[in-house]
Enquirer: 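Next up is a structure, given as structure tokens.
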Amino acid sequence: MNELNDKKLNFVLKFYREGAFNPKKAIAQFHTSEDEPHTNRYGYRWAVTFATAFASIVIVFAAGFSITKAVIHHNRQQETVPAPVVLNPDVAATHTFVYEDAPLPDVINELSDYFGCTISCPPTRKHLTATFPDDDLDLIVSIIESVLNVDITVEK
């Protein structure tokens, strides 16, 4: 590069002007002096810092909202119809229904499923403790009606 025949160097020398770019002047203009008030530069820095912090908060809030919405949506999809309560899984083997402090609606649902009919009663919080043979639905219903003082309807 010592020779002036180099095309790149000739290009640079051709367009170089003395004093056109002074690094000391550029650095001096970039840095403000101690005597100048910093209000303009400070205001700009404050605005940039505030805007950055605000944008960060908005992003975190949006991400949290999206995650919360996704979790709620996921939980709603997982909600399914609860499995029917089976109080006596071995009725077929023992031929007896045994209930100990069983909620009446669960008893009604189990009897409906076992006998293949629709049994219903008004909503109640009553519980039943009893043992019945599995051969006579009408007997079971009449005993429950008289003991718990409820009206039960059977549709076969």
Side-chain angles (χ1 to χ4, degrees), residues 7-8 11-12 21-156:
K7 290 182 182 180
K8 293 179 184 175
F11 178 80
V12 170
F21 178 73
N22 187 343
K24 289 181 183 178
K25 281 185 182 179
I27 291 172
Q29 288 176 353
F30 182 75
H31 296 292
T32 58
S33 67
E34 293 296 324
D35 297 336
E36 270 185 53
H38 297 296
T39 56
N40 192 16
R41 188 173 283 287
Y42 177 75
Y44 174 74
R45 286 183 183 161
W46 182 86
V48 169
T49 304
F50 178 77
T52 305
F54 184 75
S56 299
I57 290 170
V58 168
I59 290 170
V60 168
F61 178 75
F65 179 75
S66 298
I67 290 170
T68 304
K69 188 175 178 181
V71 167
I72 290 171
H73 180 69
H74 179 71
N75 287 345
R76 283 184 185 160
Q77 285 181 339
Q78 286 186 344
E79 290 177 4
T80 57
V81 177
V85 176
V86 179
L87 302 173
N88 294 288
D90 56 345
V91 170
T94 62
H95 300 288
T96 352
F97 289 103
V98 179
Y99 299 108
E100 292 183 22
D101 197 30
L104 185 59
D106 292 344
V107 172
I108 298 293
N109 289 338
E110 184 178 51
L111 293 173
S112 295
D113 291 342
Y114 185 78
F115 288 102
C117 59
T118 303
I119 304 174
S120 60
C121 71
T124 181
R125 292 183 154 200
K126 294 182 179 182
H127 288 233
L128 178 69
T129 300
T131 302
F132 303 110
D134 72 340
D135 56 356
D136 190 4
L137 176 63
D138 294 330
L139 175 68
I140 295 172
V141 169
S142 66
I143 291 173
I144 293 173
E145 283 179 327
S146 63
V147 169
L148 295 180
N149 195 21
V150 293
D151 291 324
I152 299 175
T153 57
V154 179
E155 297 174 18
K156 295 183 181 185

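Index from 1, following the sequence.
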Enquirer: Check whether any side-chain heavy atom of K156 sits under 4.5 Å from a side-chain heavy atom of F115, and report yes or no.
Expert: no

Enquirer: How far does CG of N88 sit from CZ of F132, to the nearest 0.5 angstrom?
Expert: 10.5 Å

Enquirer: Distance from I119 atom CD1 to I140 atom CD1, nearest 0.5 Å?
Expert: 8.5 Å

Enquirer: Does the T96 side chain pair with the main chain of T94, one donor and one acceptor, at a distance under 3.5 Å?
Expert: yes

Enquirer: Quick one: does T129's side chain have a donor or acceptor within less than 3.5 Å of a partner on D101's backbone?
Expert: yes

Enquirer: Once you round to the nearest 0.5 Å, how far does CD1 of I144 lie from CG of D151?
Expert: 13.0 Å

Enquirer: Ring-plane angle category for F97 and Y114, please: parallel below 30°, perpendicular beyond 60°, tilted otherwise.
Expert: perpendicular

Enquirer: Would Y99 and E110 satisfy side-chain contact (heavy atoms from CB on, under 4.5 Å), going step by step from the backbone distance to the final call?
Expert: CA-CA 11 Å; Y99 299 108; E110 184 178 51; 2.8 Å; yes

Enquirer: Among D135, D90, D134, find the one that has a side-chain hydrogen bond (donor to acceptor under 3.5 Å, both in side chains) with H95.
Expert: D134

Enquirer: Can you find a pair of side-chain heavy atoms, one from L128 and one from L148, that are under 4.5 Å apart?
Expert: yes

Enquirer: Measure the OG-CD1 distance between S120 and I152 for me, rounded to the nearest 0.5 Å.
Expert: 9.0 Å

Enquirer: Do V154 and T118 have side chains that get closer than 4.5 Å, going by heavy atoms?
Expert: no

Enquirer: Looking at CD1 of I108 and OG1 of T153, how far apart are the two atoms once the value is rounded to the nearest 0.5 Å?
Expert: 8.5 Å

Enquirer: Are N109 and V107 packed together at the side-chain level, in the sense that at least one heavy-atom pair is separated by less than 4.5 angstrom?
Expert: no

Enquirer: Between atom NZ of K126 and atom CG of L104, what is the distance when rounded to the nearest 0.5 Å?
Expert: 8.5 Å

